[in-house]
Asker: 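This is the structure I have questions about; it appears just below.
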Amino acid sequence: MPLDEAWSVLRAAVEQHVASSQGQRQTESISSFEALGRVLAVPVVSAVDVPPLDNSAMDGYAVCAADLAQAGQADAPPEAVILPQAQRIAAGQVGAALQPGQCARIFTGAPVPQGADAVVMQEHTSADVAAGTVRFNEPVKAGQNIRLRGEDIAQGQTVLQAGLRLTAAGLGVAASVGAADLTVFKQARVGILTTGNELVMPGQALPPGAIYNSNRHTLRGLVQGAGAQAQDLGIVPDKLDATREALRAAAEHCDLVISSGGVSVGEEDHLRNAVLAEGGLDFWALAIKPGKPFVFGWLKRADGSRALYMGLPGNPVASYVTFLLLVRPVLAVLAGEPWSLPQTMQLKAGFAWPKADKRREFVRARLGADGCVTLYPNQGSGVLTSAVWADGLVDLLPGQTVQPGDTVAYLPLAELLQPARGARQADQG
C-alpha cells in the first residue's frame with residue numbers, strides 16, 4: 001500500500017475509534033503545575049484582565065506628562081524640569097494618587113498611581129536624595145512605558161483552546177489567568193511488545209546468535225516522548241500460541257498495542273496469524289523503505305470493544321522510521337489532538353542518489369552549515385547509529401534520483417519527534 005493511502009486508512013480508523021463509545025476519550029482534572037505535554041479537553045477562559053492594572057514597564061518615575069511639557073509641547077526637551085518625589089511604589093503595592101507637580105519612584109510591574117500617565121526610565125533622570133527631588137533629562141509622552149490593563153488578556157477571553165498540547169508557555173498563560181487546575185484528556189495507554197527468540201536484555205549474557213533488544217528501549221522512549229503512557233509487555237517468543245496470548249492480554253488494558261518484529265513472511269513470523277485470530281487487519285505491508293513489513297489492525301476485547309494494533313518491523317531503523325511516520329499521528333489523535341502530518345522543507349541536496357527504488361524511501365540525513373543536506377554513508381535498516389547522527393529524513397518518491405544541487409523534501413526529526421502541535425489558538429484578542 002502506498003504511504004499516502006496508508007495515512008488515509010489510519011486517519012479514518014483512529015478517528016472512528018475515538019468517536020465510538022468504546023473509544024471515547026476520557027478526561028481528568030490535574031494541576032496546571034503538572035500538565036506539561038498534556039492535551040486540553042476544555043478551553044481555558046480568563047476570569048481576569050492581564051495585567052489587572054496599568055503598570056510600569058520598567059524602573060523609573062511615574063509622572064504626569066503635562067508637568068514636564070514646556071509651552072504646551074509634551075515632547076519638548078525638559079531643560080532642568082525638577083519635581084519632588086512624593087512616594088515610592090514597588091511591585092505588589094498600590095500607591096496613593098499623584099498630585100500635580102509631583103513624581104513617584106516606581107519599579108517594574110508596580111501599578112501606576114492615579115494622576116500619572118507616563119513612566120520615565122531612571123537612566124533619563126538624576127535624583128537628589130537629600131533634597132527629595134528628581135531632575136528629568138529627556139522628553140516624555142503620555143502613555144510612555146506603561147503596560148495597560150488587559151493589554152495581554154481581557155477578562156472573558158479564551159486563551160487556550162481545547163485540543164492544544166500544553167507547552168511551557170501554555171502553562172504560563174494558564175497560570176497568568178489563575179487556572180490552578182486544567183481539564184485534559186487522559187493519556188493513551190500504549191502496550192509495547194517485542195518478538196524474537198534471539199533477543200536478550202542489556203545486562204544479560206549474550207549467547208551465540210543472540211542480540212541485545214534495542215527496540216524495546218527505542219519504542220518505549222518514542223511512546224513516552226509522544227506524551228502517552230508506555231506499558232512494557234516484555235519479549236514474546238516466536239510461537240503462535242504465546243503471541244496470541246500476549247496480544248489478547250494487552251488488548252484488555254491498552255488503547256493501542258504496538259509490536260516490533262515478527263511481521264514479515266518467514267516461518268518464525270507469527271504475528272499475522274495471531275492478529276487475524278485475535279482481531280483483524282486493515283493493511284499489511286507498505287511501499288516504503290525502510291518499513292515495508294508494517295501492519296495495522298485491531299484486537300478484540302472480551303466486552304466486544306477493540307484496541308488498535310500496529311506491527312512495526314524488527315530492524316531497528318525500520319521500526320524507528322515507521323513509528324515516526326505512522327504511529328505518531330495516531331497517538332496524536334488518541335491524545336486529543338487533530339490528525340496532522342509532519343511538514344517537509346525544500347532544501348538543496350549535497351549528495352547524489354543515482355539509483356532509484358520502486359518504493360518511497362526515507363533516508364537518514366543531516367543539514368549542513370551550507371544549507372545543503374548530506375546523507376549518512378550506510379543507509380542499512382539495521383544501522384541504528386544513523387538515527388543518532390541524523391537530524392532529519394529525506395523523502396524520496398518512487399523512481400526519484402538525486403544529483404547534488406537538486407531540491408529534495410526534508411523532514412526535520414525535531415518535527416517528527418516532538419508531540420504534534422495540535423490546534424492553534426483561534427482567539428488572539
Asker: Any side-chain donor-acceptor pair under 3.5 Å between Y410 and D391?
Answerer: yes
Asker: Counting C-beta onward and ignoring hydrogens, is there a side-chain heavy-atom pair between W339 and V330 closer than 4.5 Å?
Answerer: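 When only atoms from C-beta onward are counted, V330 and W339 do touch, with a gap below 4.5 Å.
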Asker: For the residue pair F296 and F283, categorise the inter-ring angle as parallel (less than 30°), tilted (30 to 60°) or perpendicular (more than 60°).
Answerer: tilted
Asker: Please report the shortest heavy-atom distance between R364 and W389, naming the atom on each side.
Answerer: O-CZ3, 4.2 Å
Asker: May I ask you to decide whether K186 forms a salt bridge with E28, counting only side-chain N to carboxylate O separations under 4.0 Å?
Answerer: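 No salt bridge links K186 with E28.
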Asker: Are side-chain N/O atoms of T194 and N213 paired as donor and acceptor at under 3.5 Å?
Answerer: yes
Asker: Are side-chain heavy atoms of V14 and L10 found at a separation under 4.5 Å?
Answerer: no
Asker: Output all residues satisfying ring-ring contact (aromatic ring centres under 6.0 Å, His included) with F33, sequence neighbours left out; order by chain, then residue number.
Answerer: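 With sequence neighbours excluded, F33 shows a ring-ring contact (aromatic ring centres under 6.0 Å, His included) to no residue whatsoever.
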Asker: Tell me every residue that passes side chain to side chain donor-acceptor pair (under 3.5 Å) with R360, counting only those two or more places apart in sequence or in another chain.
Answerer: D4, D395
Asker: Please name the pair of heavy atoms, one in P237 and one in T243, separated by the smallest distance, quoted to 0.1 Å.
Answerer: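 What the structure gives for the nearest pair is O-OG1, 3.9 Å.
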Asker: With the threshold set at 4.0 Å, does a side-chain nitrogen-carboxylate oxygen contact exist between D232 and R216?
Answerer: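 Yes, charged N to carboxylate O under 4.0 Å.
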Asker: Once rounded to the nearest 0.5 Å, what's the spacing between atom CG of L240 and atom CG of L271?
Answerer: 9.5 Å
